[in-house]
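The structure appears right after this line, and notes come after that.
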Amino acid sequence: MPFPFPSKKSRISLFTSAFHFIKRLISNMTMKEFKQTQSLIIRTGLGRSPLVKRRLLSCCCGRGFGDMSYARLLLDLIPTPETSLWNCLIRGHSVRGAPWAAVAVYVEMLASGVGPNSHTFPFLLKGFTRDDAVAYGDELHAHVLKFGLSSNAHVRSALLRMYAVSGAVDTARELFEKSPERDVVSWNAMISGHNRSNMFEESCRLFAAMAGESVMPTATTYVSVLSACAKMRGLECGRQIHRRLMNGNLLPDLRLQNALIEMYGQCGDLDSAWRVFRDMQTRDVISWTAVVVGFAKSGEVDRARALFDRMSERDRVSWTAMIDGYVRAGRFKEALHVFREMQAAAVRPDEFTMVSLLTACAQLGALEMGEWTRAYMERNGIKMDIAVGNALIDMYSKCAQVDNAVDIFRRMHRKDKFTWTAMISGLAVNGHGEDAIDLFSQMVGTSVRPDEVTYIGVLTACAHAGLVDEGRRFFSSMITAHGIMPNVTHYGCLVDLLGRAGRLEEAWETISNMPMRPNSAVWGALLGACRVHRNLEMAELAAKHLVELEPHDSAAYLLLCSMYASCNKSEEARKMREMIRVKGMKKEPGCSVVEMDGEVHEFVAGDRSHPRTGEIYSKLEEMIEELKRAGYVPDTTEILRGAGEEEEAASAAIYQHSEKLAVAFGLISSGSGVTIRVVKNLRICIDCHNAMKYVSKIYRREIVVRDRRRFHHFRSGSCSCKDYW
DNA sequence: GTAGGGTTAG
């Protein structure tokens with residue numbers, strides 16, 4: 001039944017109420033119902049009205065509903081669409097995360113002879129990511145100027161945001177400072193933009209400057225500034241803002257309370273974080289996640305887990321935060337377990353989850369799981385961003401697969417300092433010192449600046465490659481060329497570098513002249529060098545310092561013991577053992593992990609907890625016999641024992657070292673020729689190092705042991721470390 | 001008939 005034909009004025013009001021009706025109707029509709037409604041509209045004659053066409057188009061482009069190709073058809077039905085209609089289409093593509101399509105529509109609009117208006121650019125730029133901003137940003141900015149839209153506040157804020165997401169804070173600032181008026185939205189865009197570029201002090205400075213210009217902050221402003229305080233651990237600044245908020249009228253506000261929890265949590269003030277959380281009337285998943293992260297980061301991962309278990313809703317962020325909490329706590333197996341729970345809960349992981357997962361794999365040396373993670377990303381279309389790339393490089397390096405790490409490195413289009421640092425260190429610890437140094441010179445040729453961690457990789461590379469003079473040069477160039485002051489770790493590398501090369505006097509001199517107190521790593525490096533270069537006198541001095549720094553660790557004494565023994569000073573060795581026993585010093589329990597079929601198996605010395613423990617021990621027994629037949633003699637100098645204990649007991653203990661158990665397990669649970677990879681928490685002991693060489697030869701297996709300091713690739717009876725470690 | 005700024009994870 002057609003509508004009656006009333007006067008023009010009442011016709012407009014009738015149409016208006018019809019539009020509102022249609023709008024309400026359409027908002028919850030499927031596309032099919034929408035098309036049915038549309039045919040009804042056409043039949044009633046309403047469809048001829050440009051207003052109705054616009055409404056239909058607008059609904060089609062809305063979020064969560066509609067169909068862009070159908071919207072396109074509708075637009076094509078309009079003879080000469082004006083800017084607002086094109087804007088609808090542009091907005092549709094933007095909210096659907098397809099900024100390139102939005103740009104294409106914009107270009108088409110221009111080609112059809114229609115110019116943009118002040119609404120066009122906010123729509124167009126809203127969906128821009130970093131890459132879009134880099135690709136189209138400057139040209140679109142030129143369009144803004146050409147069409148005379150640069151004085152519009154909305155357009156300017158959209159441009160500010162665009163420059164901020166691409167990391168071009170300087171351009172954003174220039175635009176901001178040239179603005180005729182700076183309203184609160186543009187200040188907010190500047191503050192969040194600096195947050196995005198990790199320039200948190202500048203965010204706080206802008207916040208102060210804003211007050212100087214009497215611009216009233218909004219809730220958005222406070223959220224951004226609190227986030228900056230959180231990231232820069234600015235607890236005092238954060239507290240001041242909290243006080244201001246309590247005196248103002250903005251609280252309670254969910255987003256602000258979440259930002260407060262986050263700020264307190266990151267700054268380590270868990271009591272305050274908990275108080276804010278406790279006093280909230282309504283909490284969302286972000287509130288819960290923020291408090292879980294707070295506990296996890298302050299080392300209370302079990303408390304974090306207890307809260308996590310109480311969450312009624314868990315999204316990918318909360319799951320990832322929990323995984324990361326275990327990674328931070330060094331509980332990598334549990335991290336992997338949480339990931340499996342996440343999958344069981346059917347929550348889709350993203351690239352953040354992958355980074356945490358890969359970090360756990362790297363630390364465990366779990367290559368299979370790491371490879372699985374990579375394949376999982378490809379299967380599920382999780383994008384490999386720069387952080388994922390960095391995590392992959394690290395994972396492959398820590399699993400001794402340098403070639404794969406290099407492959408990832410080469411394929412990364414963008415590289416940040418973490419990328420370069422991961423690759424340089426990866427090459428260095430895997431024994432490719434020269435390549436690491438080559439890479440460093442390439443890095444210096446780019447705009448990416450090395451930091452103190454990069455230099456640790458560089459110095460490690462020099463040490464492993466025996467490049468003493470280069471190492472010394474790099475050490476001075478870090479100050480002169482890059483303004484980085486060496487810390488105690490750098491001095492440790494330098495001592496290691498000189499010590500390995502047998503320049504013990506220079507190493508000693510370095511320690512004497514360093515501007516800070518040497519730590520145990522520095523003395524440990526010297527002691528290790530003394531052992532290799534058989535300088536008992538200096539070793540005793542180094543050990544003395546080491547014991548002062550770590551009185552409960554027997555490592556230094558054990559090393560001395562073995563030196564006394566090899567210098568035929570058995571009486572000193574005996575006294576040393578006696579002292580260790582009397583002082584009740586403990587050796588940190590050694591622990592080795594080995595991955596088989598994607599599962600991580602953990603062994604401590606004398607471990608009998610493994611389900612296949614019977615088989616493992618009989619293999620171990622057989623293995624020791626084979627080794628002995630081939631000429632292996634157990635070396636028990638590093639074994640703690642009392643005066644009455646016999647050699648036999650000492651060898652029994654040494655046979656059950658965790659890495660031997662791990663290798664025995666590897667031999668029974670993998671096919672012939674398969675490489676066995678073991679990750680140990682301590683340095684590998686002399687006897688195990690020797691035994692591994694025999695195993696690699698007798699069983700024709702490649703064995704890779706990653707210990708606390710480096711990799712040992714055992715192949716055909718010898719080790720890549722050339723017996724220096 | 002439509003618009004700009006924000007928070008949780010690496």
Side-chain angles (χ1 to χ4, degrees), chain A residues 16 19 23 50-51 53-55 57-59 61-62 82-92 94 117-126 149 152-162 164 182-193 195-196 203 217-228 230-231 253-263 265-266 283-294 296-297 314-325 327-328 349-360 385-391 394 416 418:
Chain A
T16 310
F19 302 148
K23 188 179 175 181
L51 286 172
K53 281 180 189 158
R54 180 175 292 139
R55 169 51 76 195
L57 186 66
S58 166
C59 285
C61 297
E82 62 206 52
T83 308
S84 64
L85 293 173
W86 288 101
N87 285 352
C88 280
L89 223 61
I90 290 170
R91 180 181 61 132
S94 278
N117 64 17
S118 61
H119 292 188
T120 309
F121 288 98
F123 284 145
L124 185 59
L125 301 178
K126 176 117 188 138
L149 296 166
N152 181 283
H154 293 265
V155 175
R156 273 205 321 271
S157 299
L159 281 174
L160 281 181
R161 193 201 82 99
M162 180 198 72
R182 296 189 277 264
D183 66 5
V184 64
V185 177
S186 58
W187 281 98
N188 291 349
M190 285 302 285
I191 294 173
S192 80
N195 279 357
R196 247 182 257 267
S203 297
T218 60
T220 301
T221 321
Y222 287 115
V223 168
S224 291
V225 178
L226 283 170
S227 168
K231 298 277 165 51
D253 176 297
L254 183 62
R255 296 160 307 169
L256 279 172
Q257 286 159 314
N258 287 350
L260 284 167
I261 298 174
E262 164 69 11
M263 182 275 295
Q266 295 285 350
R283 307 180 181 103
D284 65 2
V285 65
I286 296 178
S287 335
W288 281 91
T289 306
V291 77
V292 165
V293 168
K297 285 208 170 143
R314 301 184 198 108
D315 63 7
R316 68 179 65 168
V317 179
S318 9
W319 280 102
T320 306
M322 197 62 247
I323 295 170
D324 194 56
V327 170
R328 267 169 209 281
D350 64 1
E351 63 271 21
F352 282 79
T353 324
M354 294 299 117
V355 170
S356 292
L357 207 55
L358 287 168
T359 308
D385 67 7
I386 199 162
V388 173
N390 296 347
D394 188 48
D416 61 13
F418 300 101

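Nothing here was measured: the structure is a model prediction, and the numbers come from that model.
Put simply, A:His154 rests on the base of B:dA3: the two rings are less than 5.5 Å apart at their centres and nearly parallel, under 30°.
Under the rule for a salt bridge (charged side-chain N to carboxylate O under 4.0 Å, His left out), the partners of A:Arg182 that lie at least two apart in sequence or sit in another chain are A:Glu213. Residues satisfying the ring-ring contact (aromatic ring centres under 6.0 Å, His included) test with A:Trp86, not counting sequence neighbours, are none.
Residues A:Asp315 and A:Ser318 have side chains that bring a donor and an acceptor to within less than 3.5 angstrom of each other.
When the side-chain nitrogen and oxygen atoms of A:Arg328 are compared with OP1 and OP2 of B:dG10, one or more of them lie within a distance under 4.0 Å.
For the pair A:Thr353/A:Leu357, no side-chain contact is recorded, criterion being any heavy-atom separation below 4.5 Å from C-beta on.
Among the protein residues, A:Val293 comes within range of the sugar-phosphate backbone only, with heavy atoms under 4.0 Å from sugar or phosphate atoms but none that close to a base. When heavy atoms are screened at a 4.0 angstrom cut-off, A:Thr120 is found touching no nucleic acid atom at all. Note on A:Ala259: nothing from the nucleic acid sits closer than 4.0 angstrom, heavy atoms only. Heavy atoms of A:Asn390 sit nowhere under 4.0 angstrom from any nucleic acid atom. Contact annotation for A:Arg196: backbone-only contact, meaning every heavy-atom pair under 4.0 Å involves sugar-phosphate atoms and none involves a base.
Side chain of A:Asp350, nearest nucleotide from B:dT7, B:dT2, B:dA9: B:dA9.
Taking 3.5 Å as the limit, the base of B:dG6 and the side chain of A:Thr221 contain no donor-acceptor pair of atoms between them. Judged by distance alone, with hydrogens and angles left aside, A:Asp183 brings a side-chain donor or acceptor within reach of the base of B:dG4, the pair sitting under 3.5 Å.
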